[in-house]
Amino acid sequence: MDILQNFINGVYKDPVNSNYLDNIEPATGLVYGQTPDSGEEDVALAVEAAEKALPQWRIMPLEQRADILYAIAQGIESQLDELALAESIDNGKPVSLAQAVDIPRAASNFKFFAHACSQFASESHSMTNTATNYTLRQAIGIVGCISPWNLPLYLFTWKIAPALAAGNCVIAKPSEVTPKTAALLGKICLDAGLPNGVLNILHGTGSSVGAAICNHKKIKAISFTGGTTTGAAIASQLAPQFKKLSLELGGKNPALVFADCDFDATVEQVFRASFANQGQICLCASRIYIERSVYEKFKQALVDKAHALKPDDPSMASTQMGAIVSQDHLDKVLSYIALAKNEGGNIIAGGEQVQLTGRCENGYFLQPTIIENLDNSAQCNQEEIFGPVITLQPFDTDQEAVALANDSQYGLAATIWTTNLSRAHQLSEQLNTGIVWVNCWLLRDLRTPFGGMNHSGVGREGGFEAMRFFTESKNVCIKY
Ligand code: NDP
């Protein structure tokens, strides 16, 4: 049995209340470990440690701070296989995906912000002949980072790295559903020379330790990635406390496929955008709009690929589609498939749970599922399903495609598939999403602003946007 501990002040510790939660492997449905069910007392200990560490950490020369962050990245890289396997066991994702994407990206997050902290600068404003203003951007102090289960170490480090780079001490909570790689990160940070108390990692439920982090008076900012409902609850909890808050929330991402697209490449990429990580990426395409003249051909190509993609044991190198993260989440996704039928949708591929044999006979597997014939106002086209389920709709004109895409409470990421450059530019301006990818998906430059509009979030991560979030700006005005 793999029993995890909190990481506080550079030491692995049991939770104060000695309570644990079961950790389940989604591919087998079996309990394989336990996770601390931490509470307020653990947050208090972590804040105490962070307070002690803060004075030295915030004044550490940038070069030294950057060296430590770089060493953490190298530590992650040196344990790539072990971390990838842990991520796959915890989350159900194919180990090949964790090896190729999740863990390398976690290392890149630390490398990127190791460099960013030495390049981050602030403005000066001259009042000619009268005064000069300059802006200081100073660490906030102690900040909280809360992340979801879908890309566990990838998103955990996407918050922690800039928070540390900006000179803050961090109290971080991974999802209770996927705590393993976050737990391993503590030791990597110790080995890299991160001073005790600078990063504290607490495990447990959102309603207990997550809420305690949000409520602690000495934690001055919260960076949260997760569902829109949770984000709304946190926003209302934090508003009277006047804390800085960054929210990266859900999505219902449109893909706009035009008849002039590079057909084969687009089929390949739209399919990947739909079903990577079992469709459990906030950026996954879920509403596929296809120009009517190529609708039937494109649909058939997607259906053929869906039939060929078989969920299997995520620990096998050849597996391309793994397990859904939990029984609860599988039930939620299945309930949307049932709802789609009630709403008049046709299931043209998949739709069924998959029972494997052997080790994975009780795992949470689901066929890649394609639905058509649903109106844009259907719940399955408006609500985030967050699984391997997409809907298809035809359109006739550019403006109809944009109107369908924008008919959503969400606004995270859109993709446009066309060889008409002018159309690509024009529609990119018109789409109400924080990110538009043209003829690609999930092509990431870590310097770019990352985040969504409307119910997909408030604020942006990435590059200097993240450094700005994790600092307070202060104007200094000097009269001549
Ligand atoms: P949740 O909102 O359920 O949880 C996210 C994190 O918040 C978890 O660590 C959770 O803890 C914690 N949490 C839950 N309630 C509270 C609370 N009241 N106070 C503080 N923390 C709390 O999201 P999921 O984990 O289910 O993740 C899936 C969602 O994340 C999807 O909607 C997806 O779109 C979104 N997402 C958005 C991304 C973006 O960049 N915009 C990227 C990736 C995912 P615990 O799980 O331990 O209860």
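Counting starts at 1 for both ligands and their atoms, in listed order. Index from 1, following the sequence.
At distances below 3.5 Å, not a single donor-acceptor pair connects side-chain atoms of Lys243 with backbone N or O atoms of Pro240. Between the side chain of Arg137 and the backbone N or O of Thr471 there is no donor-acceptor pair closer than 3.5 Å.
For Leu412, every heavy-atom contact with ligand 1 shorter than 4.0 Å involves the side chain, none the backbone. Residue contacts with ligand 1, taken as heavy atom pairs separated by less than 4.0 Å, do not involve His329 at all.
If you check the side chains of Glu87 and Thr181, you find a donor sitting under 3.5 Å from an acceptor. Side-chain contact of Asp375 with Ser377: a donor-acceptor pair under 3.5 Å is present, judged by distance alone. Under the 3.5 Å distance criterion, with hydrogens and angles disregarded, a donor-acceptor pair is assigned to the side chains of Asn23 and Tyr32. Using modelled atom types and a 3.5 Å distance limit, the side chains of Gln34 and Asp2 yield no donor-acceptor pair. Between the side chains of Lys159 and Thr225, a donor-acceptor pair is found at a separation under 3.5 Å. Judged by distance alone, the side chains of Gln241 and Asn215 do bring a donor and an acceptor atom under 3.5 Å apart.
The protein heavy atom nearest to atom 20 (C) of ligand 1 is Gly210 C, 3.3 Å. Nearest to atom 46 (O) of ligand 1 among the protein's heavy atoms is Ser175 OG, 3.1 Å. Scanning the protein for heavy atoms near atom 23 (O) of ligand 1, the closest one is Gly227 N, 3.3 Å. Closest to atom 17 (C) of ligand 1 among all protein heavy atoms lies Gly206 O, 3.4 Å. The protein heavy-atom contact nearest to atom 34 (O) of ligand 1 is Glu384 OE2, 2.5 Å. With hydrogens left out, the protein atom closest to atom 35 (C) of ligand 1 is Gly226 O, 3.2 Å, a heavy atom. Nearest protein heavy-atom contact of atom 5 (C) of ligand 1 is Thr225 O, 3.6 Å. Atom 26 (O) of ligand 1 has as its closest protein heavy atom Trp149 NE1, 2.8 Å.
The shortest N or O to N or O distance between Ser207 and ligand 1 is not under 3.5 Å. The shortest N or O to N or O distance between Ser456 and ligand 1 is not below 3.5 Å. Backbone and side-chain nitrogen or oxygen atoms of Gln237 are examined, and none is located within less than 3.5 angstrom of a nitrogen or oxygen of ligand 1. Residue-to-ligand polar distances keep Cys282 apart from ligand 1: every N/O pair is separated by 3.5 Å or more. For ligand 1, none of its N or O atoms has an N or O atom of Thr228 under 3.5 Å away. Where the criterion is an N or O separation shorter than 3.5 Å, residue side chain and backbone included, Asn150 fails it with respect to ligand 1. Polar contact check, Leu249 against ligand 1: a nitrogen or oxygen pair lies under 3.5 Å apart. Looking at Thr230 next to ligand 1, an N or O pair under 3.5 Å apart turns up.
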Under the side-chain hydrogen bond (donor to acceptor under 3.5 Å, both in side chains) criterion, do Tyr410 and Glu384 qualify, and how do the steps go?
CA-CA 9 Å; Tyr410 293 105; Glu384 185 184 43; 4.7 Å; no
Can you list the steps and then say if Lys93 with Asn277 is a side-chain hydrogen bond (donor to acceptor under 3.5 Å, both in side chains)?
CA-CA 6 Å; Lys93 67 177 66 211; Asn277 205 40; 3.3 Å; yes
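The 12-atom threshold is not exceeded at NZ of Lys218, counting heavy atoms of other residues, nucleotides or ligands nearer than 6.0 Å. Counting non-hydrogen atoms of neighbouring residues, nucleotides and ligands closer than 6.0 angstrom, the CZ atom of Arg447 reaches no more than 12 such neighbours. Other residues, nucleotides and ligands contribute more than 12 heavy atoms inside 6.0 Å of the CD atom of Gln237.
Those atoms of ligand 1 that come under 4.0 Å of a heavy atom in Ile234, given as number and element, are 19 (N), 20 (C), 21 (N). Listed by number with element, the atoms of ligand 1 under 4.0 Å from a non-hydrogen atom of Leu155 are 42 (C), 43 (C). Near Ile146, the atoms of ligand 1 lying under 4.0 angstrom from a non-hydrogen atom of the residue are 6 (C), 7 (O), 9 (O), 12 (C), 20 (C), 21 (N). Per-residue contacts place Ala211 under 4.0 angstrom from the following atoms of ligand 1 (heavy atoms of the residue considered): 19 (N), 20 (C). Taking every heavy atom of Phe450 and a limit of under 4.0 angstrom, the matching atoms of ligand 1 come to 40 (O). Near Glu248, the atoms of ligand 1 lying under 4.0 angstrom from a non-hydrogen atom of the residue are 37 (C), 39 (C), 40 (O), 41 (N).
The minimum heavy-atom distance linking Thr205 with Leu21 is given by the pair CG2-CD1, 3.9 Å.
With Phe120 as the partner, the ring pair (Phe, Tyr, Trp, His ring centres under 6.0 Å) test is satisfied by one option alone out of Phe470, Phe112, Phe464: Phe464.
Taking only non-hydrogen atoms, the option from Ser147, Ser326, Pro174, Ala212 nearest to atom 6 (C) of ligand 1 is Ser147. Here atom 7 (O) of ligand 1 lies nearest to Phe224 when heavy atoms of Phe156, Phe224, Phe386 are compared.
Salt bridge Asp191/Lys187: present, at least one basic N to carboxylate O contact under 4.0 Å.
Ligand 1 is approached by Gly204 to a heavy-atom distance shorter than 4.0 Å.
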